[in-house]
> 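Before I ask anything, let me first share the structure, which is written out below as structure tokens.
Just so it is clear: chains get the letters A, B, ... in the order the sequence lines come, proteins before strands, and each one is counted from 1.
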Amino acid sequence: MDDSINFQKIERKWQKRWKESKIFQVKENSKKKKFYNLEMLPYTSGLGLHMGHVRNYSIGDSFARFKRMNGFNVLYPMGFDAFGLPAENAAIKNNIHPKKYTDKAITLYKNAMERIGLSYDWSRELATCNPDYYKWNQYFFLKFLENGLIYRKKAPVNWCPKCNTVLANEQVINGKCWRHEDTEVKTKYLEQWFIRTTKYTEELLEYIDKLDWPEKIKSMQKNWIGKSEGTEILFEINQKKWPVFTTRPDTIYGVTFMVISAQHQKLDELVTKKQKKNVEKFLKKIRATTEKDADILEKEGVFTGSYAINPINKEKIPVYAGNFVLAEYGSGMVMAVPAHDQRDFEFAKKYKIPIRTVIKPKKSDANAQKLKKAYTQNGRLVNSEKFDGLENSKAIKEISKYLERKKLGKRIVQYKLRDWLISRQRYWGTPIPIIWCGHCGFVPSPEEDLPILLPKNVKFGEKNPLETNANFIKTTCPKCGRPARRETDTMDTFFDSSWYYLRYCDPKNNKEPFSTEKINHWMPVDRYIGGAEHAVLHLLYARFFTKALRDLGYLKFDEPFTSLFNQGIVHKNGLRMSKSKGNVVTQEEIEKKYGIDTGRIYVLSVAAPGKDIEWDDKDIGGSFRFINKSMALLERSKNIKMEEKVESKTNLVIKRVTEEMEYFGMNKAIRILMEYVDYLYSIEIIPKKALESFSLLLNPFAPHISEEMWERLGNNTFASIQKWPRFDEKKINMDYEIEEQYLQDIFSDLRDVSKFVKSFKEIKIIVASEWKNTLFKKISVIGRKKELISELMKTAGFKKQSRFTIDSAQKYMKNPGNIPERLLGMQKEFEILVQNQKDFEKEFKAKVNVVLEENSKDQKANKAAPGKPAIILK
RNA sequence: GCAGGGGUAGCCAAGUGGUCAACGGCGCUGGGUUUAGGACCCAGUCUCAUAGGAGUUCGUGAGUUCAAAUCUCAUCCCCUGCACCA
């Protein structure tokens, strides 16, 4: 094997040529079918890439290359999510400007990507912090505002003390900030800008089922949108009607108390003077506990002193304040049915509130008083006056209708999805194009003033630097001309990444965000590749954006991403690879040690692309050997006609690799190629044609080696834009596969013989150094002569298949009708195989002897120990 | 609790009715090469064996089939996401 291959040199060479020749640039082309292959916009951390990144991008790249070579017009762009807090914080820490910091990070990132050999169309590169990009953020902001999709509202909002800004609901995870796992998000009551995502709630939900996305992501989105159908029932408390949402109106006769959220804004209205002290004590207690651990809280509450009247039977029931009712969901108050809801049950037990069964299982006479837990299954109504005997599923409808008729309630649909809060009190983002005027209130910046530039010279301190920047703030009102102030909040960076995939279609357009024509040509994205962590953030916002822009007439499709693929995560020492955990294997070290193609082959072949993998430094050796072996094939290549057998194998390999790639089976495709390399390796003179196909098949995975091989085979074109090798089904002859299998069996037998010979200690050295290697070479040479193969095959009737043959094949014979077609052929083969066991050993040994004797003539006699025969098989 | 994904040899992992005792990689063992180490190359690696033979395997238990790692049912365990959502 050639140790002297300089992989880095080869890689640099091709990267340079790709760049200069611009072969990966695409234009709209009506003759070829378009394919939009996209990876999620990466956030530029400034920390270089590790093998986790290499895997992600290699997956996308291999698919883009495959599609491209298969005649598609592939749009495969890349850009950078460049605004955002981490950059701002890092910049402050290192005392450089975020712009400088970000630019540096982008250069680093892009450079690293080029060194992976990714086939991006870099002419479409974008960075969200450039004014020619964020100008259109502002533009869309104004359009949304015009069309009522953006509004301002004073509301309780999530505030992260570490980020020093508000957050969207989607950015709060288990009450903590999405960027700071250890930081509790606080609730503040502020006036902020909101996007009316809820206008599309129903459509966002409905269309999920039409998407070719992982089930997991789909269910996460459904969950997040959280639709539930139910009934809002009006309970009268202190002469006032209080709406209460429930999905179980069938249990209304079982309501024995009410619970209002302890955080409910109108809780005070219900607390009587007598109970005031108790309630306050309780609230204090809750506040103390939520700080600690809100996980498995016991259900607790306190009587408010007020009573509600059940509208259906006028019963008077106590109202409690409780810690297990969410203020933000539904109406912030629940009707409690302890017999049929586990939480209510626990609460009732604790405070000794009566439990009344109103639903009985059909086949039992369970008694409420004996219940150990709530009965939540279906059944028939009891204790429910005129609804007694109804099946509860029907009762839900009947009782709702009845309440509606009596104007005591109505059926409604509840969602968990809230509007998207996009104001951020930070510097490094898109300025919100709004002007505050003492007379006119807020006034949108005129479109022709866009972009409202983010000022460069600012002071970083405690507050948002924009607030202290007089130059930026000072302006005049576009309406009345009086002095006015600019809005100092910036936009959530998820706004930036909600439409970047559209901008790629027309990245240089300075008259409009994109031309409708180009969008409609390229969109939707055919294959979107990225991590599962964006399930409810980016992916939901982007879907909303698409729908909103559709209704504003900018585009003509409903969903941005037809098909989504979540790549697996690369772990090391059991943890996700990340700089902060100190467990990264960098792209650079792999590149230097083996060349990046080896790295690509490794991360793509070690497991299916969707699966997580555990990095082991040692595992990569196999991939390196594969690459080296591939290159070594070149030395034995000649422009000869392909034998039928090699042709069959080659066609089969092309077929199988192609099929695997269609379904994202990069790992399997590479395994097939690995087998193929071993196969070619066993051939003395390798037909150039076979190697040409191979070098092209290799392109999606190891593009540099692919190009290098292609060139060394005498081509002066780019492998990366050649046509994908085609296979001819007619040339695939499975007999050869079977034959090969037999041959392999023969080899394995030869090895057994060699082992046998080895057991004679006195000739060990000879056997080991001379006999073994040369013998195999000899066999493989004569083995390709047809006559010999068939002869050997005849004698080879032994091996493993025998177990299958006799028992089950005989049963087939009895019912020939039941035998599947393809098995018939197999059966015949087996029949031949079973014979001849007895005579084998003799014949075989005789043959081996011949070979060995021939062989021994070539050997350097002096290596054999003096006086010992080289072969003693007789 | 709900939803999704898993459990295959010492480890990672391919395989989703029949060329399956189960690709590949790592580790380990033996050999070659090398001044040595590394790297590289070759072979072996479930168990037993009178060594081309037999037995037992794909979380566990049952079932379907001539045939099950693969299909069905039950069950246990692990991971991931969501969750006092009324």
> We want to know whether D419(A) and T198(A) form a side-chain donor-acceptor pair, criterion being a heavy-atom distance below 3.5 angstrom.
yes
> Mind checking the P distance from rA83(B) to rC28(B)? Whole angstroms is fine.
46 Å
> Hey, is the main chain of F624(A) close enough, under 3.5 Å, to the side chain of N628(A) for a donor-acceptor pair?
yes
> Could you check how far CD of Q263(A) sits from P of rA86(B), rounded to whole Å?
18 Å
> If we take the P atom in both rG55(B) and rG44(B), what is their distance in whole Å?
24 Å
> Restricting to side chain to side chain contact (heavy atoms under 4.5 Å, CB included), what partner residues turn up for S261(A), sequence neighbours left out?
Q263(A), H264(A), V325(A), A327(A)
> With the criterion being N/O to N/O and under 3.5 Å, what pairs connect the protein with nucleotides 12-14 of chain B, and how long is each?
unit_1	atom_1	unit_2	atom_2	d
rA14(B)	OP1	K611(A)	NZ	3.3
rA14(B)	OP2	K611(A)	NZ	3.1

> Could you pull out all residues at least two apart from T247(A) that satisfy side-chain hydrogen bond (donor to acceptor under 3.5 Å, both in side chains)?
none
> How many whole angstroms separate atom CD1 of I317(A) from atom P of rA86(B)?
19 Å
> With a 3.5 angstrom cut-off on both distances, give the Watson-Crick or G-U wobble partner of rU29(B), or none if there isn't one.
rA43(B)
> Could you state the CG-C1' distance from D250(A) to rA86(B), rounded to the nearest angstrom?
12 Å
> With sequence neighbours excluded, what pairs up with K222(A) under the side-chain hydrogen bond (donor to acceptor under 3.5 Å, both in side chains) test?
D209(A)
> Separation of N223(A) atom CG from rG81(B) atom C1', in whole Å?
9 Å
> Roughly how many Å apart are rA69(B) and rC84(B), using the P atom of each and rounding to a whole number?
44 Å
> Rounding to the closest angstrom, what is the interatomic distance between rU47(B) and rC40(B) at atom C1'?
34 Å
> Please report, rounded to the nearest Å, how far the P atom of rA86(B) is from the CZ atom of F345(A).
20 Å
> Only counting residues at least two apart or in another chain, list the ones meeting salt bridge (charged side-chain N to carboxylate O under 4.0 Å, His left out) with D597(A).
none
> So which nucleotide from rC42(B), rG81(B), rC84(B) ends up closest to the side chain of K216(A)?
rG81(B)
> Side chain of K416(A), heavy atoms from C-beta onward: which of rC85(B), rC84(B), rC23(B) has the nearest atom to it?
rC85(B)
> With both distances kept under 3.5 Å, what pairs with rA49(B), Watson-Crick or G-U wobble?
none
> Contact class for V536(A) (heavy atom, under 4.0 Å): base, sugar-phosphate, or nothing?
nothing
> Measure CE/M335(A) against P/rA86(B) and give the value in whole Å, please.
12 Å
> Is the phosphate of rA86(B) approached by Y329(A) (side-chain N or O, under 4.0 Å from OP1 or OP2)?
yes
> Could you tell me how far rC85(B) sits from rC76(B) if I compare only their C1' atoms? Round to whole Å.
31 Å
> Paired with rA36(B): which nucleotide, if any, by Watson-Crick or G-U wobble criteria at under 3.5 Å for both distances?
none
> Quick check for you: among rG4(B), rG81(B), rA3(B), whose closest atom lies nearest to any side-chain atom of M220(A)?
rG81(B)
> Which of these nucleotides, rC84(B), rC82(B), rC23(B), is closest to any side-chain atom of E675(A)?
rC23(B)
> Could you measure the distance from the CD1 atom of I412(A) to the OG atom of S228(A)? Nearest 0.5 Å is fine.
8.5 Å
> Evaluate side chain to side chain contact (heavy atoms under 4.5 Å, CB included) for E229(A) paired with K227(A), printing each intermediate quantity in order.
CA-CA 7 Å; E229(A) 288 173 59; K227(A) 179 179 184 172; 3.8 Å; yes
> Is there a Watson-Crick or G-U wobble partner for rU16(B) with both distances under 3.5 Å, and which nucleotide is it?
none
> Write down the partner of rU80(B) under the Watson-Crick or G-U wobble criteria, each distance required to be under 3.5 Å.
rA3(B)
> Would you measure the distance from the P atom in rU45(B) across to the matching atom in rU65(B) and give it in whole Å?
37 Å
> Could you pick out which residue, S219(A) or M674(A), lies toward the 5' side of RNA chain B when each is mapped onto its nearest nucleotide?
S219(A)
> R625(A) side chain N/O closer than 4.0 Å to the phosphate oxygens (OP1, OP2) of rC42(B)?
no
> Find which nucleotide of RNA chain B each of W224(A) and G622(A) is nearest to by heavy atoms, and output the residue with the more 5' nucleotide.
G622(A)
> In Watson-Crick or G-U wobble terms, both distances under 3.5 Å, what is the partner of rC73(B)?
rG61(B)
> Tell me: CD1 of I217(A) to C1' of rG5(B), nearest whole Å?
12 Å
> Provide, to the nearest angstrom, the distance between the NZ atom belonging to K222(A) and the P atom belonging to rA3(B).
12 Å
> Using the P atom on both, measure rG63(B) against rU70(B) and round to a whole Å.
14 Å
> Taking only the C1' atom of each, what is the distance from rU16(B) to rC58(B) in whole angstrom?
12 Å
> Given that both distances must come in under 3.5 Å, which nucleotide forms a Watson-Crick or G-U wobble pair with rA67(B)?
none
> Testing Y351(A), F345(A), F347(A) for side chain to side chain contact (heavy atoms under 4.5 Å, CB included) with K349(A), which one passes?
F345(A)
> With sequence neighbours excluded, what pairs up with Q8(A) under the side chain to side chain contact (heavy atoms under 4.5 Å, CB included) test?
N6(A), R12(A), R115(A), E591(A), K592(A)
